[in-house]
K.L.:
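Mind looking over this structure? Questions follow.
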2 protein chains.
Amino acid sequence: MPQAGTSRATMEPAELGLRERKKQRTRRALRMAAIRLVAERGLDGVSVDEIAAAAEVSTRTFFNYFPTKDEAIVGLDPEDIREITEAVSARRADESPLEALREVMLQRAALVAPEQADLWPLRLAIIRRHPHLMAANAASWSSYENALAEAAGRRCGLDPARDPYPAVLVAAVLAVVRTLSVRWQEFPGAPLVEVLGQAFDSLARGLPPPQPHESSRGAAPMTTTDPCTVRPEHEES
Amino acid sequence: MPQAGTSRATMEPAELGLRERKKQRTRRALRMAAIRLVAERGLDGVSVDEIAAAAEVSTRTFFNYFPTKDEAIVGLDPEDIREITEAVSARRADESPLEALREVMLQRAALVAPEQADLWPLRLAIIRRHPHLMAANAASWSSYENALAEAAGRRCGLDPARDPYPAVLVAAVLAVVRTLSVRWQEFPGAPLVEVLGQAFDSLARGLPPPQPHESSRGAAPMTTTDPCTVRPEHEES
DNA sequence: TACAACCTTATAGTCTCTGCATTTATTCAA
DNA sequence: TTGAATAAATGCAGAGACTATAAGGTTGTA
């Protein structure tokens, strides 16, 4: 059983066999070529032919790896999905589902895989330039919404097919992560992890309205972390 | 006086000028043709040519109205966006942003514009059959995430460009609505409005983990009681 | 009526993406 | 080491999505 990964990720597991490793390399090469070229010349300024050429494979091979040009740019690696899902399942059982997701997402945001460190900003720049990619992005995420929802459901003993709670929880969490990831690029004031953390706090409190203080500070915090005046909500204890 | 739009929607405002009305009709005809045909024969069983033919316009004209075949099926009318945004702005000022959004979304879910009443289920059926459309769907929604975020921001006196709160709030809310709308088609046990209402309650409480077996709450938890069998069903292609 | 602005349309072409048959590379077992 | 068995990469042919352009119709206006 694999150690519920904190590291791993950079090294190519030697046990994987030559064929598998080659595939990973090809996929990465294609993605890098796609992102680099598109960041440079715009989405319509680059054809799949050129991307494939840059990665030194045939055009047809490109489509063996990605169903769409868009996916090559914004899609998540299936491996990443597996990692994240596993990480959620591996969290201590006494955490609430929201807490577990929070921690995994924050960790993830903190380490942004080293090889992709330089690609990440390019990706976001591209998305900002071509908003419709945010869709493809969301779509790609939604493909692991299901996986995550299942993991989340298991934590609280719910069948995600029956009870909407896990799906709702995951949808809300991923929406927050996605939104802030994109914003973060535009207003790189505070580190992403911080902004995300505050957003999660807010979410955990039921998204209470923040006070409209005339804040002329450069980086307006999401909400204060002290006992704010939460509006009276119907709650039972 | 707009009356916080409960009606309107079916009548074509006569003041709009012939040209404008014609455009609306064409757009609607194209959308209806697209949804009907695709629901019948599947996404790849219908070409844009056929859709245009069914709506009695040229293929080129189709692309004057929709940038994409997908958009014709899942995209929102700009007019709807305007209506929803206005409805949010029109809510009483003493409601919290979350409450305001909640009410608007519930109202919207309750009345599903009359002309589209029959199209709505078809749309969802199509999305379920072609999961990647959920992306286009989300994308289209995201185009009014901004509008909504701005309206939400105004309510609490925040500049949505500076403070992430409105964006986060809206993203979470729309994620929930989208998720449940899709699920609702698969498990049509409880009325959508009810399921949505429960989800909003949960959101307002900070997404607390539900108890697997104790049904201590009078107000029904999100747990459904229908025994449904489910399988993934990723048809596509 | 005449004019300007805007829609629609046909044509022709580029690009995306798929199916299929062939070739090349990798694994595995003898 | 060799020889299948297996899987991936490639080239090719083709359908369909989408666009640029130019020409022809409609609508709003003077």
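So that the names make sense, note that chain A is the first sequence line, chain B the second, and so on, each numbered from 1.
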K.L.:
Answer yes when Asp44(B) and Lys69(B) have at least one side-chain N-carboxylate O distance shorter than 4.0 Å, and no when they do not.
P.N.:
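Salt bridge between Asp44(B) and Lys69(B), a charged N being under 4.0 Å from a carboxylate O: no.
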K.L.:
To the nearest Å, give me how far apart CG (Leu43(A)) and C1' (dT16(C)) are.
P.N.:
12 Å
K.L.:
In residues 49-62 of chain B, which residues come under 4.0 Å of DNA chain C by heavy atom?
P.N.:
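Listed by number, they are Val57(B), Ser58(B), Arg60(B), Thr61(B).
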K.L.:
Describe the nucleic acid contact of Asp44(A) in one word from base, sugar-phosphate, nothing, applying a heavy-atom distance below 4.0 Å.
P.N.:
nothing
K.L.:
Round to the nearest Å and state the distance from Arg21(A) atom CZ to dA8(D) atom C1'.
P.N.:
16 Å
K.L.:
Of Pro67(A) and Thr26(B), whose nearest nucleotide on DNA chain C comes first from the 5' end?
P.N.:
Thr26(B)
K.L.:
Give the rounded distance in Å between these two atoms: CZ of Phe66(B) and P of dT19(D).
P.N.:
14 Å
K.L.:
State whether Lys22(A) places a side-chain N or O below 4.0 Å from either non-bridging phosphate oxygen (OP1 or OP2) of dA8(D).
P.N.:
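The answer is no; no side-chain N or O of Lys22(A) sits under 4.0 Å from OP1 or OP2.
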K.L.:
Choose from dA8(D), dC17(C), dA17(D) the nucleotide whose nearest atom is closest to any side-chain atom of Lys23(A).
P.N.:
dA8(D)
K.L.:
What is the separation between atom CZ on Phe63(A) and atom P on dT16(C), rounded to the nearest whole Å?
P.N.:
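So the CZ-P distance, Phe63(A) to dT16(C), works out to 7 Å.
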K.L.:
Test the Arg31(B)-Tyr65(B) pair against the cation-pi criterion, namely NZ or CZ under 6.0 angstrom from the six-membered ring centroid and within 45° of the ring axis.
P.N.:
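Judged by the rule (NZ or CZ under 6.0 Å from the ring centre, within 45° of its axis), Arg31(B) is not positioned above Tyr65(B).
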K.L.:
Any chance you could measure Arg155(B), atom CZ, to Leu101(B), atom CG, to the nearest 0.5 Å?
P.N.:
8.0 Å
K.L.:
In whole Å, what is the span from the CG atom of Asp70(B) to the C1' atom of dA17(D)?
P.N.:
11 Å
K.L.:
Just how far is it from atom NZ of Lys23(A) to atom CD of Glu20(A), taken to the nearest 0.5 Å?
P.N.:
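If we round to the nearest 0.5 Å, Lys23(A):NZ and Glu20(A):CD are 5.0 Å apart.
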K.L.:
Could you pull out the closest heavy-atom pair between Ile73(A) and Arg123(A), with the gap in Å?
P.N.:
O-NH1, 3.0 Å
K.L.:
For a quick test of reading the model: is some side-chain N or O of Tyr65(B) closer than 4.0 Å to OP1 or OP2 of dT8(C)?
P.N.:
yes
K.L.:
Identify all pairs in which a protein N or O lies below 3.5 Å from an N or O of nucleotides 4-6 of chain D, and state each distance.
P.N.:
from: dT6(D); atom 1: O2; to: Arg19(A); atom 2: NH2; distance (Å): 3.3

K.L.:
In whole angstrom, what separates Lys69(B)'s NZ from dT16(C)'s P?
P.N.:
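Rounded to the whole Å, the gap is 17 Å.
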K.L.:
Which nucleotide sits closest to the side chain of Asn64(B): dA9(D), dT26(C), dT9(C)?
P.N.:
dT9(C)
K.L.:
When you compare the side chain of Arg154(A) with that of Ser89(A), does any pair of heavy atoms fall below 4.5 Å?
P.N.:
yes
K.L.:
How many Å lie between CZ on Arg25(A) and C1' on dA8(D), as a whole number?
P.N.:
14 Å
K.L.:
Using a strict cut-off of less than 4.0 Å between a Lys/Arg side-chain nitrogen and an Asp/Glu carboxylate oxygen, indicate whether Asp77(A) and Arg82(A) qualify as a salt bridge.
P.N.:
no
K.L.:
Going by ring pair (Phe, Tyr, Trp, His ring centres under 6.0 Å), name the pairs with one or both residues in residues 31-51 of chain B, residues two or more places apart or in two chains.
P.N.:
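Matches after skipping sequence neighbours: none remain.
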K.L.:
Any idea which heavy atoms bring Val46(B) and Leu37(B) closest together, and the distance?
P.N.:
CG2-O, 3.5 Å
